[in-house]
Amino acid sequence: MSHSSVNVRFAPSPTGELHLGGARTALFNWLYAKNQGGQIFLRIEDTDRTRSKDEYTDQILDALQWLGLNWDEPLVYQSNRFDDYKVHIANLLNSGQVYRCFCSKDELQSARDEGHYQYPGTCRNLKDEGVKMRLNQGIGFTYRIRISEGETHYNDLIYGPITVDHNEVDDFIVVRSDGSPTYNFTAVIDDHDMNITHVIRGEDHISNTPKQILLYEALGFDVPTFAHLPMILGHDKKRLSKRHGAPGVQSYRDEGYLPESLNNYLALLGWNPGTEEEILSMDELVQKFDLSQVQKKGAVWDEKKLHWVSGQHMMQTNTDFILDSIRSISPNWGKGSDISYLISIIELLKQRAKSLTEFITQSHYFFQAPSVYDSAGLKRGWPDDQVNDRVEGIKSTLQEITIWRKEDIETVLKDHATEHELGIGKIIMPIRLAISGGLSGPSVFEILAHLGKEETLNRIETALKELPQ
RNA sequence: GGCCCGUUCGUCUAGUGGUUAGGACUCCAGGUUUUCAUCCUGGCAACAGGAGUUCGAUUCUCCUACGGGCUACCA
């Protein structure tokens, strides 16, 4: 393994399902790793034992798998690493870089309530006897890092140079009174132990970064390179959350979006390939991805554009694959029909279905006669019983067709129109209504050919009986 | 309150010390289509504000405003 190889990680905490922001972070990490020929690791940040749940871990892994963001081994759980953290704490305590703080949560909270936002340093310089006394009294304590004066700066791959004065960095807690390590502490140790070279994460971590750098230095570790990604926003420009009705990644799968579409749109949110291309395959994304093209500004999530991206991908997607994908979200779709029939239906709908669910909702009439007729459609296409006479004529014409294929049907119906001096629309609209229940869809001639002569005539017969309503 | 970050059409974005400030989504109008969708053509629509630097600033600097993030014994 060469020294310059890139290692990145995605480190979700299993306190909820994978949401869009997390997916975007995962994607950018993954794209960067693949682009650089590096590796991407996954770390489950489950140090908060009360909020972490295994079912969320499962959901997150499932979502990542669905997105195709496969990760390298090993998969790291922070909850398995508590012993490692303890060793480092002991060392830091010995060297005096960390000290025990006996202040209670309530004390600290009330100080904050009074407007003192920073830790007042109450226990910073306790003498050994003072510490010993409190320990003997059984007073609970946390460990805090001792931050010295100065400033810390680093060069963010996306935001550029960032400097923070240590006055702004509290002696923050690294180990809680229950003995569990906090995020900033575990993240540093893990990123070091996992050989992470590039930390790519959300912009909400910018202000954690100086704290972590200070910890890297205290522990004598090399500091990795940081890159912070802008947030994904809701329409109110606030960070996207459940409040915006932003669901987990799985619901996009259930809504019928292909992973490639979601990835493509997610990539476009805060990044562009430097050209005006917008529809990109995973391979193209990997090839063109570049952190220096990443935006600093938060980006508003736009469902409509996702839908458009999805439609573009759908047109380019292999039909067999679409069939498999439809079946994966709706196993019973087209059950009982030949695969070749389903394939031809997908071909017909491919240009108009922008998601897998739209294939399903737009294909009902290929499998069963319409049970209701669209009312707006009836107004236009079958307003009164004059239409019935017309349709009777069309029906007889269709009945005479011997070879039931699209071309012949088309010819016959067009001839019928000419013969009776009717606009072709006058013929097609009622027929479309009769066979599909609505006024939109692929070529009527195609639909008739697919349904077969008998089924077509049956549906027309039914419509003649029931319409006009 | 403090600190950090940001600000080009409604949204995603391109862009340069001198451009008719470009593209995409959405929306609207027209064309193609038997319908819908696709596709094509056209249209609406932006440099947050104020100073400064400069012959000239959307572009560089500063200030203000606005927005976001952090300020937890969450991650």
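All chains are named by letter (A, B, ...) in the order of the sequence lines, taking the proteins before the strands, and each is independently numbered beginning at 1.
Atom CG of A/Leu433 and atom C1' of B/C36 are 13 Å apart (whole Å). Taking atom CD on A/Gln351 and atom P on B/A37, their separation rounds to 12 Å, with Å as the unit. Put simply, OH on A/Tyr119 is 13 Å from P on B/A72, counting in whole angstrom units.
A sub-4.0 Å separation between OP1 or OP2 of B/U38 and a side-chain N or O of A/Lys354 is present. Listed pair A/Gln316 / B/U38 fails the phosphate criterion, with no side-chain N or O lying under 4.0 Å from OP1 or OP2. Within the 4.0 Å cut-off from OP1 or OP2 of B/C73, at least one side-chain nitrogen or oxygen of A/Arg112 is found.
Nucleotides B/G2 and B/G49, compared at atom P, are 26 Å apart to the nearest Å. Nucleotides B/A29 and B/G68 are separated by 35 Å at their P atoms, to the nearest Å. Between B/A65 and B/A51, the distance separating the two C1' atoms is 14 Å to the nearest Å. Between the P atoms of B/C27 and B/C60, the separation comes to 35 Å (whole Å). Between the P atoms of B/U20 and B/U58, the separation comes to 14 Å (whole Å). For the C1' atoms, the distance from B/U26 to B/C66 is 25 Å, rounded to whole Å. B/G22 and B/G30 are spaced 25 Å apart, taking the P atom of each and rounding to whole Å. Going from the C1' atom of B/A21 to that of B/U16 covers 9 Å, rounded to whole Å.
Cation-pi check for A/Arg144 over A/Tyr119 is met; the charged atom lies under 6.0 angstrom from the ring centroid and within 45 degrees of its normal.
Counting non-hydrogen atoms of neighbouring residues, nucleotides and ligands closer than 6.0 angstrom, the CD atom of A/Glu407 exceeds 12 such neighbours.
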Sequence-aligned protein contact record of nucleotides 1-14 of chain B, with B where the base is within under 4.0 Å of a protein heavy atom and S where only the sugar-phosphate is: BSSSSSSS--SSSS

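Taking the six-membered ring for Trp and thresholds of 30 and 60 degrees, A/His192 and A/Phe221 have nearly parallel ring planes, at less than 30 degrees apart.
Interface remark: the A/Ser177 side chain does form a donor-acceptor pair with the B/C73 base, using a distance-only criterion of under 3.5 Å.
Looking at heavy-atom distances under 4.0 Å, A/Ser443 makes contact with a base. Across all strands shown, A/Ser13 has heavy atoms under 4.0 Å from sugar-phosphate atoms exclusively, and none from any base. Residue contacts for A/Asp165: at a heavy-atom cut-off of 4.0 Å it reaches no nucleic acid atom on any strand shown.
Judged as a side chain to side chain contact (heavy atoms under 4.5 Å, CB included), and not counting sequence neighbours, the contacts of A/Lys453 are A/Trp404, A/Leu457.
Comparing A/Lys414 and A/Asp170 against RNA chain B, the residue whose closest nucleotide sits nearer the 5' end is A/Lys414.
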